[in-house]
Amino acid sequence: MPVDFSGTWNLVSNDNFEGYMVALGIDFATRKIAKMLKPQKVIKQDGDSFYIHTTSTFRDYLLEFKVGEEFEEDNKGLDNRKCKSLVTWENDKLVCVQTGEKKNRGWTHWLEGDDLHLELRCENQRLPSGTEWFHLLE
Ligand code: YOG
């Protein structure tokens, strides 16, 4: 039985989100707002097809992809830089590499019990393993 990320998830911690946003070149005022947000993720997974909708009171971001198929990502409402993204499985981890202007850009999702973990990477910044958690809603 492959891993299933489907569900509604709430942010519980975002250690070093600031460092990640600085690496992405997000301006001070926007970072101040973004740090305070408690975004929610709705993930719908059908095998290798994913729908990940991240919502907040400030901005929303929708990502749809199929594992193993490269796609264009526009990061609209985030840093607005276009990149080519490829998501692959590394055992039960979902690993995205975002190739573009920023080096070493990408993210990794994995599950630990009822927690969804997300590591965000950009240039020399990373949210260390397990510092950003989302909890499954009832
Ligand atoms: O999710 O990559 O699940 O897309 C990262 C924000 C903040 C906007 C959020 C809005 C990067 C202002 C995307 C936050 C900072 C700051 C809610 C997380 C950029 C701008 C949308 C992400 C992946 C993995 C799928």
Side-chain angles (χ1 to χ4, degrees):
M1 178 69 183
V3 61
D4 188 5
F5 288 86
S6 298
T8 302
W9 308 84
N10 280 351
L11 178 73
V12 285
S13 83
N14 62 353
D15 297 353
N16 200 30
F17 188 41
E18 173 73 9
Y20 174 76
M21 287 191 290
V22 169
L24 269 186
I26 306 300
D27 68 82
F28 178 79
T30 306
R31 294 203 307 271
K32 243 172 85 168
I33 298 166
K35 254 190 298 192
M36 302 298 293
L37 300 173
K38 293 285 174 210
Q40 188 174 72
K41 276 185 196 284
V42 173
I43 301 182
K44 295 175 189 170
Q45 177 185 352
D46 178 11
D48 279 347
S49 295
F50 279 83
Y51 163 106
I52 303 181
H53 195 195
T54 309
T55 60
S56 74
T57 52
F58 181 52
R59 305 254 173 88
D60 294 358
Y61 190 67
L62 174 64
L63 192 66
E64 289 181 280
F65 58 88
K66 207 165 168 202
V67 175
E69 290 183 9
E70 193 176 59
F71 60 98
E72 301 263 351
E73 192 174 0
D74 63 8
N75 295 288
K76 211 172 174 69
L78 305 178
D79 67 319
N80 296 305
R81 276 189 201 87
K82 290 194 171 63
C83 59
K84 285 207 198 298
S85 300
L86 176 66
V87 183
T88 55
W89 289 111
E90 283 185 15
N91 298 311
D92 283 346
K93 290 190 175 183
L94 203 55
V95 180
C96 180
V97 173
Q98 296 169 307
T99 306
E101 190 185 325
K102 289 289 178 182
K103 300 267 174 282
N104 187 38
R105 181 172 184 172
W107 51 261
T108 301
H109 268 308
W110 69 98
L111 297 172
E112 281 179 29
D114 273 349
D115 295 328
L116 172 71
H117 291 248
L118 172 63
E119 178 186 278
L120 293 166
R121 296 175 294 276
C122 182
E123 309 258 287
N124 60 343
Q125 294 293 320
R126 76 170 55 226
L127 283 92
S129 300
T131 48
E132 193 179 59
W133 295 279
F134 292 74
H135 265 310
L136 188 56
L137 283 183
E138 293 303 307

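Whatever order the structure lists ligands and atoms in, that order sets their numbers, starting from 1.
Within the structure, the side-chain hydrogen bond (donor to acceptor under 3.5 Å, both in side chains) test picks out the following pairs touching residues 55-65 (sequence neighbours left out): Tyr61-Glu73.
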I'd like a table of the close N/O pairs between ligand 1 and the protein (anything under 3.5 Å), one pair per line with both atom names and the distance.
residue, atom, partner, partner atom, Å
ligand 1, 1 (O), Lys41, NZ, 3.0
ligand 1, 3 (O), Lys41, NZ, 2.7
ligand 1, 3 (O), His109, NE2, 2.7

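By the side-chain contact (heavy atoms from CB on, under 4.5 Å) test, Lys103 is found to be paired with Glu123, residues two or more places apart in sequence or in another chain being considered.
Between Lys35 and Glu18, at least one side-chain nitrogen of the basic residue sits less than 4.0 Å from a carboxylate oxygen of the acidic one, meeting the salt-bridge criterion.
Apart from Leu37 itself, the hydrophobic cluster it occupies contains Ile33, Phe58, where clustering links Ile, Leu, Val, Met, Phe, Trp and Tyr at side-chain heavy-atom distances under 4.5 Å.
Note that Lys93 lies in the cation-pi zone of Trp110, set by a 6.0 Å cut-off to the ring centre and a 45° limit from the axis.
Environment of CG in Asn80: crowded, with over 12 heavy atoms of neighbouring residues, nucleotides or ligands closer than 6.0 Å.
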